[in-house]
Amino acid sequence: MDVQKLLCKTLREKPETKRASRKMGAIDFSKLIRMGLNENAFGVSPKAIEAMNAIAPEGNFYQDWSQADLKGAIGEHYGVTPEFIVTGCGSSALTDALGTAFLEPGDEMILEMPTFPAIIDTAQMNGATPVVVDMGEDLTYDMDKLLAAITEKTKMVYICNPNNPTGTYVPKDKLMEFARKCPDHVIQVYDEAYIEFAEAEDCLEMVDAMKEMPEKPIVLLKTFSKFYGMAGIRCGYILAQPEIVEWLSKCGTQFAISKVSQAGAAAAMRDKEHCEFVKKEVARCRKYLATEMQKLGCKLYPSQTNFIFFQPGEGIDPTLVFGKMMERGIMISAQAGANRVSIGKMEHCELYIKYLAEILDELRK
Ligand SMILES: Cc1ncc(COP(=O)(O)O)c(C=O)c1O
């Protein structure tokens, strides 16, 4: 079979993906302490587990297509009605839907690097051209550069706030200024996958921008994978104006998430006690890791997320740090010329610091 001949042109000509998850192959995760994928080490809400267990025996019946309970929970949280919400199997599926609905050959999509590379795939899968702007040396967004890169061909601009993998953020007033200045023909996508972890007073969601500027195509990408600890349950959502939601609902998202996902996600969002616990534990462990890594001579980028991006030290190759950490049973990540460690439980953070000290000693010799 010559599958190349069967493939559509955009996929046949698409450059190789940069997504780490597609390159991992057969890693035996069961033997690893997972501090490499920005998962939530503090677990699923007990109330969500209860809700998922309760609904599982009804799995022979299709789910609630109106998603009344889940959209109700999201709506209560953000003060929006269901017409402003579309759900999907993780925010990744919704990113794909954005591409299907809005991108086509000739369009440009602007992003700053380093960021979450899935959005590049989305552009390329739909024949659009990713236009990459480099972040400044402190690895924060340069909003002026982003604005200056916009042309008549720009269909979409992607802003990850706080950003993966850097952990850095754009203050709300700067984002609002950008949102106002961004021309109406450009879809502004704010990926807020990690924003619930943020502690800085000016690291804030853009939901009010979406409500206050209905003439602007503003899209907020949200997920239950990170703060709500449900990466494997696969549930995400978009908040946007109803006319955008309506079209996204026609792109394979509408009936995608299972009734187990719906029940779990709704219960997780309403479980304020677990949310508070997660936020406090992540902040405590992040502070411990930051202090100890600085003592070991690493250069850290300030993080508002459940991970820390860092340079291991002058002349030290981040991929060697990654490899030596894997040999010891802890998975972190090496990307964009640095390392990224996701916040684990305190006992795992302590073990990681012990290993990091050994590894840096070895590599400095
Ligand atoms: C910035 C960002 N957006 C989206 C996602 C994907 O989230 P989901 O699991 O909801 O597809 C990730 C996952 O790592 C991420 O880092």
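Atoms considered below: every heavy atom in the structure, side chains included; atoms not considered: hydrogens, waters and symmetry mates. When a ligand or atom number is given, it counts from 1 through the structure's own listing order. Numbering of residues begins at 1 and proceeds along the displayed sequence.
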Residue [X] vicinity, atoms of ligand 1 by number, heavy atom under 4.0 Å:
{"X": "K226", "value": "12 (C), 13 (C), 14 (O)"}
{"X": "A193", "value": "1 (C), 2 (C), 3 (N)"}
{"X": "C160", "value": "1 (C)"}

Could you check whether any side-chain N or O of E108 sits under 3.5 Å from a backbone N or O of V131, counting only pairs where one atom can act as donor and the other as acceptor? no
Backbone or side-chain N or O of R234 under 3.5 Å from ligand 1 N or O: yes
Do any N/O atoms on Y158 end up under 3.5 angstrom from N/O atoms on ligand 1? no
May I ask you to decide if the ring planes of [X] and [Y] are parallel, tilted or perpendicular, using 30° and 60° as cut-offs?
{"X": "F309", "Y": "Y301", "result": "tilted"}
{"X": "F277", "Y": "F42", "result": "perpendicular"}
{"X": "F197", "Y": "F227", "result": "perpendicular"}

Side-chain contact test, heavy atoms from C-beta onward, threshold under 4.5 Å: evaluate it for K14 versus M125 and give yes or no. yes
Heavy-atom side-chain proximity of H348 to M35 below 4.5 angstrom: yes
Just heavy atoms, cut-off under 4.0 Å: does [X] contact ligand 1 by side chain, backbone, both, or neither?
{"X": "S92", "answer": "both"}
{"X": "F224", "answer": "neither"}
{"X": "S91", "answer": "both"}

Could you establish whether N38 and ligand 1 come within less than 4.0 Å of each other, counting only heavy atoms on the residue side? no
Atom pair CD1 (I187) and CG (D107), whose distance is rounded to the nearest 0.5 Å: 8.5 Å
